[in-house]
Amino acid sequence: GENVEQHPSTLSVQEGDSAVIKCTYSDSASNYFPWYKQELGKRPQLIIDIRSNVGEKKDQRIAVTLNKTAKHFSLHITETQPEDSAVYFCAASIKAAGNKLTFGGGTRVLVKP
Amino acid sequence: NAGVTQTPKFQVLKTGQSMTLQCAQDMNHNSMYWYRQDPGMGLRLIYYSASEGTTDKGEVPNGYNVSRLNKREFSLRLESAAPSQTSVYFCASSGPSSRRGSRDTQYFGPGTRLTVL
């Protein structure tokens with residue numbers, strides 16, 4: 001089955017700096033890659049997603065890039081703010097296989113004021 | 001719209017007891033999922049239901065059963081709870097939606113924190 005690895009497991013950045021989280025996946029048939037943000041004690045919430053037919057997608061301060069050849073995708077957060085502190089999860093799925101998500105292990109991001 | 005709701009929010013069981021976690025969604029989604037999240041880890045799929053009347057195993061189905069009662073409701077049952085099932089359980093749903101996101105976007109419920117002693 002699919003395997004998703006996520007790095008780093010923790011990331012500490014100064015407010016205003018950029019944060020980058022990287023994920024690799026194993027199944028070349030995967031075609032949907034969402035990113036979720038989870039605050040302490042809360043549910044995961046989608047922040048951005050990308051499909052395999054797109055190389056990059058932006059939404060204000062966040063962006064995701066996808067390299068299908070290398071089977072990796074990354075989340076970029078620019079101008080980080082204290083409210084960006086949370087755990088971020090990447091995931092991958094194969095739409096034809098019921099859209100079951102396989103999650104990475106998560107990255108705890110701490111933005112220091 | 002309430003989105004995805006789960007009951008109960010917290011539960012403590014003794015080893016060997018049984019219980020059912022309830023999940024409901026009001027977004028008219030076809031697909032529903034059950035995940036577990038252990039401390040410091042990502043979410044792992046237990047079971048999913050691609051549409052009403054169908055269910056299938058995920059990555060960690062042992063010790064669990066599910067029922068897709070109707071399009072809105074998807075329950076998870078622990079027949080004989082074990083300490084290894086101590087976890088936070090999240091239900092999710094996906095499908096065509098007027099909310100931000102696509103038909104592939106999975107929306108999560110608030111979770112059930114389960115402790116098995």
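Letters go in sequence order (proteins before strands), and every chain restarts at 1. None of the values given here were measured: they were computed from a predicted structure.
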query: Do Val66(B) and Ile46(B) sit in the same hydrophobic cluster, where Ile, Leu, Val, Met, Phe, Trp and Tyr count as joined when their side-chain heavy atoms come under 4.5 Å apart?
result: yes

- prompt: Run the side chain to side chain contact (heavy atoms under 4.5 Å, CB included) check on Phe90(B) and Gln38(A) step by step: do they pass?
  reply: CA-CA 12 Å; Phe90(B) 286 100; Gln38(A) 187 178 30; 3.6 Å; yes

- prompt: In the hydrophobic clustering (ILVMFWY, side-chain contacts below 4.5 Å, transitive), which residues join Val12(B), or is it alone?
  reply: Leu117(B)

- prompt: Linking I/L/V/M/F/W/Y whenever their side-chain heavy atoms sit closer than 4.5 Å, directly or via other members, would Phe73(A) and Ile21(A) fall into one cluster?
  reply: yes

query: So Leu46(A) and Gln106(B), side chain to side chain contact (heavy atoms under 4.5 Å, CB included) or not? Walk me through it.
result: CA-CA 8 Å; Leu46(A) 180 80; Gln106(B) 291 192 20; over 6 Å; no

- request: Check step by step if side chain to side chain contact (heavy atoms under 4.5 Å, CB included) holds for Tyr35(B) and Leu101(A).
  value: CA-CA 10 Å; Tyr35(B) 295 90; Leu101(A) 290 176; 3.5 Å; yes

Pair listing, side chain to side chain donor-acceptor pair (under 3.5 Å) test, anchored in residues 13-26 of chain A, at least two apart: Glu2(A)-Ser26(A)

- prompt: Are Leu66(A) and Ile48(A) connected in the hydrophobic side-chain network, where two residues link if heavy atoms are under 4.5 Å apart?
  reply: yes

same_hphob_cluster(Tyr48(B), Phe103(A)) at 4.5 Å side-chain heavy-atom cutoff: yes

- prompt: Looking at residues at least two apart in the chain, or sitting in another chain, which of them share a salt bridge (Lys or Arg N to Asp or Glu O under 4.0 Å) with Arg113(B)?
  reply: none

- prompt: Do Val20(A) and Tyr36(A) share a hydrophobic cluster, counting only Ile, Leu, Val, Met, Phe, Trp and Tyr and linking them when any side-chain heavy atoms are less than 4.5 Å apart?
  reply: no

- request: Select one option (side chain, backbone, both, neither) describing which atoms of Leu45(B) are under 4.5 Å from chain A's heavy atoms.
  value: side chain

- prompt: Taking non-hydrogen atoms and a cut-off under 4.5 angstrom, which of residues 75-87 of chain A neighbour chain B?
  reply: none

task: Of all the heavy-atom pairs spanning Arg43(A) and Gly109(B), show the shortest one and how long it is.
output: CB-O, 3.1 Å

- request: Side chain from CB out, backbone as N, CA, C, O: work out which of these in Glu59(B) comes under 4.5 Å of a heavy atom of chain A, or both, or neither.
  value: neither

- request: Report the C-alpha distance between Phe108(B) and Lys42(A) in whole Å, list the side-chain angles of each, state the deciding distance to 0.1 Å, and finish with yes or no for side chain to side chain contact (heavy atoms under 4.5 Å, CB included).
  value: CA-CA 10 Å; Phe108(B) 285 80; Lys42(A) 299 293 180 67; over 6 Å; no

message: Let's test your reading of the structure: which of Gly41(A), Pro44(A), Ser9(A) forms the most heavy-atom pairs below 4.5 Å with chain B?
response: Pro44(A)

query: Just how far is it from atom CG of Asp49(A) to atom OG1 of Thr105(B), taken to the nearest 0.5 Å?
result: 5.0 Å

- request: Between chain B and each of Ala91(A), Gly106(A), Gly104(A), Gly105(A), count heavy-atom pairs under 4.5 Å; write down the option with the most.
  value: Gly105(A)

